[in-house]
Amino acid sequence: MKLKSLHVAVITLVLIFGGIALTTVLDLWKTTNDKVVATYKGGEFEGQSDPADIRGSYTFDDISNAFGIPLEDLGKAFGLQDPSSFAAFQCKGLEGIYVALKEEGKEVGTGSVRYFVALYKGLPLKVEEGTYLPKAAVEILKAKAKLTEEQIKSIEKYSVDLPAVSATAPVSELAGTPTPSPSETPVTDRVIKGNTTFQELMDWGVTKEEIEKIINDKIPKPGIIIKDYSTTKAVEFLTLKEPLQTLVDRKTK
Amino acid sequence: MQQQILIKKPSPVPRTIKKPKPWYRSAVQSFFFVLVALISLNKVLEEAGMAIPFLSQASLHAICPFGGVVSIYKFVTVGTLIQKIHESAFILMLIAFLLAIAFGPVICGWVCPFGTFQEWTGKIGRKIFGKKYNHYVPVKIDVYFRYIRYIILAWVVYVTATTAKLMFQDIDPYFALFQFWSDEVSMTALIILGVTITLSLFVERPYCKYACPYGAVLGIFNLFRIFKVRRTPSSCIDCKACDQVCPMNISVSSGTAVLSHQCISCMKCTSENACPVAETVELSIKGGAKQ
Ligand code: SF4
Ligand code: SF4
């Protein structure tokens with residue numbers, strides 16, 4: 001069997017546009033993140049948004065809109081400090097903040113947000129093992145959600161103590177000992193490490209503008225770990241760390 | 001000095017024909033170039049409230065099949081795509097794979113607007129340098145240079161998998177070309193674009209040959225694609241017209257089927273185009289041993 005260039009042209013166009021048309025009909029062709037949370041497909045809660053569909057890329061604003069939970073509750077429950085950052089905060093950012101917990105087999109991440117939302121709204125959800133809630137979230141749930149005795153016991157058991165509700169600081173030593181919030185970090189400890197975020201720098205008194213001058217770019221999200229940011233920008237972490245550290249040092253003098 | 005001995009074959013009555021060169025590929029290339037350019041522009045127009053109707057308002061990431069490729073790892077392990085990549089990119093990736101299984105990297109030779117852009121720039125180089133054009137890099141080192149794109153591919157996949165972010169955007173000259181006005185484009189990508197444009201004046205498709213990680217992925221399909229570019233030695237008059245025209249410098253005339261990972265399925269070497277003998281270089285399923 002032989003093919004001419006006309007055949008290749010036609011087959012290429014048909015496959016590409018036919019594929020797009022077909023997947024559009026099947027509702028698989030998505031060029032944007034429309035952030036529409038899927039709904040329960042049957043049962044008592046049919047038609048209601050299903051917290052199981054909350055994804056890491058969803059912001060607290062998306063979730064607040066989809067489930068009608070006040071932004072303030074979401075932000076406070078998950079230890080965010082700056083109310084202006086609540087709306088744009090993406091669930092997956094939690095994994096970066098509570099990274100140290102993971103090593104202990106306790107996870108505070110997107111799964112925890114799903115859990116929180118489900119309990120807050122009284123919706124059914126299959127919770128994955130190892131999913132924990134921050135203590136602040138438990139308190140909010142106890143105050144605002146209708147929980148059974150059993151649920152209260154369970155969330156109390158699966159909660160992690162984050163006495164210092166920090167914006168985005170990695171929780172380093174969580175084994176019971178309270179971690180000071182960034183603003184309470186002893187001045188001498190203000191050293192940029194591999195897990196330091198832009199938000200921490202701001203908490204230490206460096207302004208957004210000063211940081212942006214150094215990185216020669218806009219800060220994509222305050223919660224981003226500086227080291228990750230440098231990787232995505234393909235620049236050496238050190239080349240950012242040093243001038244930023246100088247700034248921090250200047251502020252602490 | 002070494003003398004080359006040319007053994008002339010008893011020439012079979014070559015059924016050489018004067019033929020008009022088919023324009024289908026150029027048409028398809030121009031179509032996709034304009035389409036992608038308009039889509040990138042539409043995103044800006046949309047933000048200004050002046051979007052072109054009936055045209056997708058997708059971002060460039062949403063229509064780049066390579067986005068699907070770099071997402072594979074995350075998709076398999078976590079079940080989600082990486083940041084900025086949408087389902088559409090994944091679907092386009094599957095379509096591109098399907099096409100590649102059948103015909104090799106047609107996406108490179110027929111669709112990719114950045115390949116087209118390099119080809120167009122190369123036309124200027126060809127005008128300036130004539131026959132020397134696309135023959136500047138010594139074959140001996142060139143063979144090895146052609147594997148650099150696999151190193152880049154491995155690196156891009158690794159970094160994307162570990163950071164789950166579309167880091168490739170920061171070094172992608174294709175993105176830079178179609179978004180040069182946007183502040184999303186990094187300086188590095190703009191520099192790579194500039195270098196590519198300059199090199200295109202000497203070498204055809206320099207980025208495809210040496211750097212494109214997506215071309216590297218699709219290139220692998222050349223080894224087992226169903227329709228291969230095959231040459232019939234019995235009717236070949238050894239004029240090497242096929243070798244001369246190949247943008248990727250593949251020696252089509254030295255084998256019976258093109259298996260080079262660099263072939264972009266442009267079909268320039270075929271009897272429809274450069275080869276002067278009818279039915280001698282063709283895109284076909286059967287016949288032809290390994291090159
Ligand atoms: S000229 Fe032939 S061998 Fe060369 S890239 Fe095009 S199809 Fe492949
Ligand atoms: S173009 Fe290539 S295949 Fe065709 S006759 Fe010349 S050498 Fe042979």
* Whether B:Phe32 and A:Phe17 hold their rings parallel, tilted or perpendicular, with breakpoints at 30° and 60° -> parallel
* Neighbour count >12 (heavy atoms, 6.0 Å) for atom CD, A:Glu128 -> no
* To do: Let me know if A:Ser5 has heavy atoms under 4.5 Å from chain B in its side chain, its backbone, both or neither.
  => both
* **Non-hydrogen side-chain atoms of B:Leu99 and A:Thr12 separated by less than 4.5 Å** => yes
* Report the C-alpha distance between B:Phe227 and A:Lys2 in whole Å, list the side-chain angles of each, state the deciding distance to 0.1 Å, and finish with yes or no for side-chain contact (heavy atoms from CB on, under 4.5 Å). => CA-CA 8 Å; B:Phe227 284 88; A:Lys2 294 168 186 174; over 6 Å; no
* **Salt bridge present between B:Glu272 and A:Lys4 (N-O < 4.0 angstrom)** => no
* Structure fact -> To the nearest 0.5 Å, atom CD1 of B:Ile91 lies from atom CD1 of A:Ile16 at 13.0 Å
* Asked: Does a side-chain heavy-atom distance below 4.5 Å link A:Ile11 with B:Val106?
  -> no
* Structure fact -> Output for pair (B:Ile95 CD1, A:Leu15 CG), nearest 0.5 Å, gives 7.0 Å
* **Flag side-chain contact, heavy atom, 4.5 Å: A:Leu13 against B:Phe31** => yes
* Structure fact -> In terms of heavy-atom contacts, B:Met267 and A:Leu3 come closest through CE-O, 3.7 Å
* Between B:Leu283, B:Ile107, B:Val28, which has the largest tally of heavy atom pairs under 4.5 Å with chain A? -> B:Leu283
